[in-house]
Amino acid sequence: QVQLVESGGGSVQPGGPVRLSCAASGSIVSSNLMGWYRQAPGKQRELVATITRGGMTNYAESVKGRFTISRVNAKNTVDLQMNSLKPEDTAVYYCNAKHQLREYWGQGTQVTVSS
C-alpha cells in the first residue's frame, strides 16, 4: 500500500516561512512526478508546484518567487519551502505523486496565514 504523509502545516503570520514535507512509502520507487496542491474553502483544488525525477519544476504563477519545491528521489520525499506567505495562501495543502499508472494523494495539512 502506498502512503503519502504530509507534515509541517500550521498557523503562521503574514510574511513568515513554512516548510511542508511529504514522505511517500510503499511500492513507490522514485515516482515520475511529485507535487503539492492546495484547496481553500469554497474553491477548487489548484496546483501549487510539481517536480519531476530529473528536478524540473513547475509553479503556479501566484507562488513563483516565493515557494520552492524540492525532492530526494531515493527517499521519495518532496518538500515545499513557502516564504513571504500571504493570507490568500491559506488552504489545505496536499501532497501528490504520480507513479506508473497510478496517482496518490496525502490526507492534507492545513496552512493558515493570519495576523
Side-chain angles (χ1 to χ4, degrees):
Q1 182 179 354
V2 173
Q3 292 188 163
L4 302 180
V5 180
E6 303 102 335
S7 62
S11 297
V12 64
Q13 295 187 37
V18 168
R19 188 176 184 89
L20 304 181
S21 296
C22 174
S25 63
S27 61
I28 292 181
V29 178
S30 189
S31 59
N32 183 56
L33 189 71
M34 300 188 73
W36 290 91
Y37 294 73
R38 67 186 182 186
Q39 186 169 19
K43 300 181 67 176
Q44 291 186 316
R45 182 180 62 191
E46 64 177 352
L47 180 147
V48 177
T50 60
I51 184 167
T52 68
R53 285 177 296 178
M56 186 170 66
T57 59
N58 182 44
Y59 295 93
E61 190 67 29
S62 61
V63 308
K64 285 182 178 178
R66 300 189 297 122
F67 293 7
T68 302
I69 189 170
S70 61
R71 67 183 290 173
V72 179
N73 292 334
K75 299 183 180 297
N76 255 351
T77 59
V78 58
D79 290 358
L80 184 69
Q81 178 66 48
M82 305 188 293
N83 298 325
S84 302
L85 285 166
K86 306 173 181 179
E88 50 263 45
D89 294 317
T90 296
V92 177
Y93 285 71
Y94 296 92
C95 181
N96 171 266
K98 294 181 174 65
H99 184 65
Q100 303 289 10
L101 301 178
R102 306 294 186 184
E103 185 172 28
Y104 305 95
W105 294 92
Q107 293 184 346
T109 184
Q110 177 72 44
V111 175
T112 301
V113 185
S114 63
S115 300

[X], [atom1] atom: more than 12 neighbouring heavy atoms under 6.0 Å:
X: E88; atom1: CD; value: yes
X: Q107; atom1: CD; value: no
X: R102; atom1: CZ; value: no

Classify the ring geometry of Y93 against F67: parallel below 30°, tilted from 30° to 60°, perpendicular beyond 60°.
tilted
Rounded to the nearest 0.5 Å, how far does [atom2] of [Y] lie from [atom1] of [X]?
X: S115; Y: Q13; atom1: OG; atom2: CD; answer: 6.5 Å
X: N58; Y: T52; atom1: CG; atom2: OG1; answer: 10.0 Å
X: T57; Y: K64; atom1: OG1; atom2: NZ; answer: 9.0 Å
X: M56; Y: T50; atom1: CE; atom2: OG1; answer: 8.0 Å

Verify, without hydrogens or angle tests, whether [X] (side chain) and [Y] (backbone) share a donor-acceptor contact under 3.5 angstrom.
X: T90; Y: V113; answer: yes
X: Y59; Y: I69; answer: yes
X: N96; Y: E103; answer: no

List the steps and the verdict of side-chain contact (heavy atoms from CB on, under 4.5 Å) for R38 and E46.
CA-CA 5 Å; R38 67 186 182 186; E46 64 177 352; 2.7 Å; yes
What heavy-atom pair brings [X] and [Y] nearest, and what distance separates the two atoms?
X: Q110; Y: A91; answer: NE2-O, 3.4 Å
X: C22; Y: L4; answer: SG-CB, 4.0 Å
X: A49; Y: L80; answer: CB-CD1, 4.3 Å
X: S31; Y: H99; answer: CA-ND1, 3.6 Å

When you group the ILVMFWY residues by side-chain heavy-atom contacts below 4.5 Å and let the links chain together, are [Y] and [X] in the same group?
X: Y104; Y: V92; result: no
X: M34; Y: Y37; result: no
X: L47; Y: W105; result: yes
X: Y94; Y: M82; result: no
X: V78; Y: V2; result: no

Decide yes or no on side-chain contact (heavy atoms from CB on, under 4.5 Å) for D89 and R66, but give the supporting numbers first.
CA-CA 11 Å; D89 294 317; R66 300 189 297 122; 2.8 Å; yes
Cut-off 3.5 Å, side chains only: do Q81 and D79 have a donor facing an acceptor?
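The answer is no; no qualifying pair exists.
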